[in-house]
Amino acid sequence: MAFENKFIQQRIEKAEVLREAGFNPYSNNSQRNTTVEKYLNVNSDIQDKEDKRDENRHYIVSGRIKLLRIMGKASFVKIEDESGMLQIYIARDNLPEDFYNTIFKKNIEVGDIIEVSGYPFVTGKGELSLHANELKLLTKAIAPLPEKFHGVTDKEIRYRKRYLDLIMNAEVRKTFQTRSKVISLTRRFFEDKGFLEVETPMMHPIAGGANAKPFVTHHNALGIDRFLRIAPELYLKRLIVGGFEAVFEINRNFRNEGMDATHNPEFTSIEFYWAYKTYKDLIEITKEYFQYLFEHLNLPTILPYGDMEVNFENFTEVPLIESLTTIGGVPAEMCNDKESIVAFLKSKNITVKPGMNLGQLQGELFDEFVEEKLIDPTFITEYPVEISPLARRSDENPAITERFELFIAGREIANAFSELNDPIDQYERFKGQGEAKEAGDDEAHEMDEDFIDALSYGMAPTAGQGIGIDRLVMLLTNEHSIRDVLLFPAMKPIHNDTQEQE
RNA sequence: GUCUUGUUAGCUCAGCUGGUAGAGCACGUCACUUUUAAUGAUGUGGCCGAUGGUUCGAAUCCAUCACAGGACACCA
């Protein structure tokens, strides 16, 4: 089925004609000596010259043909490389005899990758171009490109054939360049602060560090199942036990859950752990981190996101319980009583699972009435202990933890806390999670005895934080689907040939 | 997982209350030596997502399935 399409057939024939004429349709002896961007910069002075040209300069540029305008004995070709688009002027009489008519006009077309040498000049309409005196095909594209004006807009094609999306949509390339910069800047920021970048296992015997369903895989030699990690947290903390005082890991996590605009089965996060610090220090470093990103990405501090405007100079801190009333509009007297909350939620037509404890209900209120209203960056602090199984209790109030989540544009961006380092308390909380699991909560934490063992040797007081990189990039690039910031988002197979094994 | 909207030429899209499938771009042929989505002429191109059903007749109506988008639920 591969090459049956008639357009592809036609182009294969052209490649054959070229081969027979002595032109390799997949030549690899590129002589390129400049990029489009450099060419346009270096030769911008041509605009000011009297005859608008300099035949003494000589450049070789390469790129994919995006537009082709043949006008009899002369043609204009727009080629594109990673750095930009350049117009090439090709006249019959400047090329070898017959090359223009029999090779160029008949067998080279939009989508092909060519190399052109010539000199800079400015056209009558004022566009700095390249006057070709040699043209060589580097790569024949046998598949035709999508339509030149509308390009490819079908999201399914764009995600499944990202290469085509990248060829056709320059702004998509830009989004991924920004993503790359964000990751690189993040790495540099933490390195400069003295953090050590580490790699911890992707395959875990116990999927811990978060509440989520894992993917399961199998180790043949050992004959045991492994879980793709849902979070690196418990391993990073083992490193703090071991004596590293500041570590971070930027890497993938895998969660076997639903997919939508903000969830992909594999996603990237940074987690960092900092000994002898508390969540208060994390608030400060987070603000600094954002400032650093904005500065190096040259972003305005008031950033549009959809129809919102996010002011990145306006970071605030609000305790969770307080936010329920001041931001969510929940009557204050309701917030600390289970029955009242259940009644309140019911009155708003929100169904609550039976048996939820006070902390879970408060979390429910927050999700329902507060989260989407947090546009400017807001640190929500003082989370109930019941929904924070790995966070340290507040010394003043053991019902709450030294934790915050950072919300921006109505979405959670970071989760952070002073780490629980009391092995007995951690053990009890794992046990509590185990009971929740028995009761049907299949995302509750597993007991990790090795981790308890590690804590038993003593982990210095530590603060740790996770930031979702994908969502951060979405925020910074004004994209509204996680698929638009992932080069190859997860998609179902088109053909039903991956039959599930029962 | 639920609801909802899509799926027609390589791409972007029309196609009314059922009557043998349309445009633009691309492609072929011709003309054209400074164009800008070049232009003019002309031609090729389709199992109308898949399978069933209703009907004399289905791209169109109905059902099921597949894939996608959006919303909701859960989570990051």
Side-chain angles (χ1 to χ4, degrees), chain A residues 4-11 13-14 52-53 66-78 85 87-95 100 105-106 109-111 121-127 129 131 141-161 164 167-168 209-213 230-231 252-271 350-351 353 363-364 367-368 387 405-407 411-415 441-443 466-472 474 480-483 489 491-497:
Chain A
E4 72 197 4
N5 176 284
K6 58 188 175 290
F7 296 106
I8 293 181
Q9 276 305 322
Q10 207 168 60
R11 294 176 77 118
E13 281 162 30
K14 289 183 185 191
K52 305 270 186 194
R53 62 182 54 221
K66 298 297 288 288
L67 290 169
L68 189 52
R69 294 186 284 275
I70 296 177
M71 298 173 307
K73 299 179 186 66
S75 300
F76 287 92
V77 182
K78 290 255 179 165
M85 187 101 83
Q87 177 167 268
I88 312 291
Y89 177 72
I90 297 166
R92 184 191 66 182
D93 298 339
N94 293 311
L95 294 174
Y100 182 83
K105 269 170 73 174
K106 293 293 178 191
E109 56 206 316
V110 172
F121 81 114
V122 173
T123 64
K125 303 278 180 180
E127 180 166 347
S129 307
H131 201 296
I142 61 169
L145 287 185
E147 200 238 10
K148 63 185 173 189
F149 188 55
H150 298 93
V152 55
T153 58
D154 184 303
K155 288 199 168 179
E156 183 168 0
I157 299 176
R158 289 187 44 221
Y159 298 148
R160 287 193 194 277
K161 302 191 171 192
L164 204 51
I167 290 172
M168 299 307 294
N211 299 343
K213 283 179 228 157
I230 55 174
R252 226 68 68 83
N253 297 316
F254 306 87
R255 298 192 184 174
N256 206 343
E257 290 169 347
M259 291 158 60
D260 62 25
T262 53
H263 297 85
N264 196 68
E266 47 182 306
F267 64 99
T268 301
S269 70
I270 173 168
E271 287 202 12
I350 298 154
T351 49
K353 285 184 216 148
E364 200 69 19
D367 292 347
E368 212 54 56
I387 53 175
E405 289 197 3
L406 172 62
F407 293 86
R411 205 175 271 159
E412 185 193 334
I413 294 291
N415 181 18
D441 181 357
D442 54 4
E443 290 178 355
I467 303 173
I469 296 289
D470 310 288
R471 291 183 180 181
L472 176 61
M474 284 168 71
H480 295 259
S481 169
I482 195 168
R483 295 189 180 95
M491 300 289 278
K492 284 196 197 177
I494 306 173
H495 303 294
N496 211 7
D497 52 8

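These numbers come from the heavy atoms of this one structure, side chains and all, not from hydrogens, waters or symmetry mates.
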Need the pair for [N]. Rule: Watson-Crick or G-U wobble, both distances under 3.5 Å, any strand; none if unpaired.
| N | result |
| --- | --- |
| A23(B) | U12(B) |
| G49(B) | C65(B) |
| C74(B) | none |
| U17(B) | none |
| U60(B) | none |
| A41(B) | U29(B) |
| U34(B) | none |
| U54(B) | none |

Distance check needed: [N] [atom2] versus [X] [atom1], whole Å only.
| X | N | atom1 | atom2 | answer |
| --- | --- | --- | --- | --- |
| Tyr89(A) | U35(B) | OH | P | 10 Å |
| Met259(A) | C67(B) | CE | P | 11 Å |
| Ile157(A) | C13(B) | CD1 | P | 10 Å |

Side chain of [X]: nearest nucleotide among [options]?
| X | options | value |
| --- | --- | --- |
| Phe7(A) | C74(B), C67(B), A26(B) | A26(B) |
| Val152(A) | U34(B), U33(B), C11(B) | C11(B) |
| Met71(A) | U36(B), C74(B), A38(B) | A38(B) |
| Arg53(A) | G28(B), U34(B), U33(B) | U34(B) |
| Glu147(A) | G28(B), U12(B), C32(B) | U12(B) |
| Gln10(A) | U12(B), U36(B), C27(B) | C27(B) |
| Ile70(A) | U34(B), C32(B), C13(B) | C32(B) |
| Arg160(A) | G10(B), A68(B), A38(B) | A68(B) |

OP1, OP2 of [N] versus side-chain N and O of [X]: anything below 4.0 Å?
| X | N | answer |
| --- | --- | --- |
| Arg69(A) | U39(B) | no |
| Thr123(A) | U35(B) | no |
| Lys106(A) | C30(B) | yes |
| Lys492(A) | C67(B) | yes |
| Lys148(A) | A26(B) | yes |
| Arg483(A) | G69(B) | yes |
| Lys78(A) | U36(B) | no |
| Lys125(A) | U35(B) | yes |

Can you tell me how far [atom2] of [Y] sits from [atom1] of [X], rounded to the nearest 0.5 angstrom?
| X | Y | atom1 | atom2 | answer |
| --- | --- | --- | --- | --- |
| Ile482(A) | Met259(A) | CD1 | CE | 10.0 Å |
| Arg483(A) | Met491(A) | CZ | CE | 6.5 Å |
| Leu67(A) | Phe149(A) | CG | CZ | 11.0 Å |
| Lys213(A) | Asn256(A) | NZ | CG | 7.5 Å |

Hey, is the side chain of Gln87(A) pairing donor to acceptor with the base of U35(B) inside 3.5 Å?
-> yes
Touch class at under 4.0 angstrom, heavy-atom based, for [X] against every strand present:
| X | value |
| --- | --- |
| Met168(A) | nothing |
| Gly151(A) | sugar-phosphate |
| Lys161(A) | nothing |

Stacking check: are the rings of Phe149(A) and A37(B) less than 5.5 Å apart at their centres and under 30 degrees in tilt?
-> yes
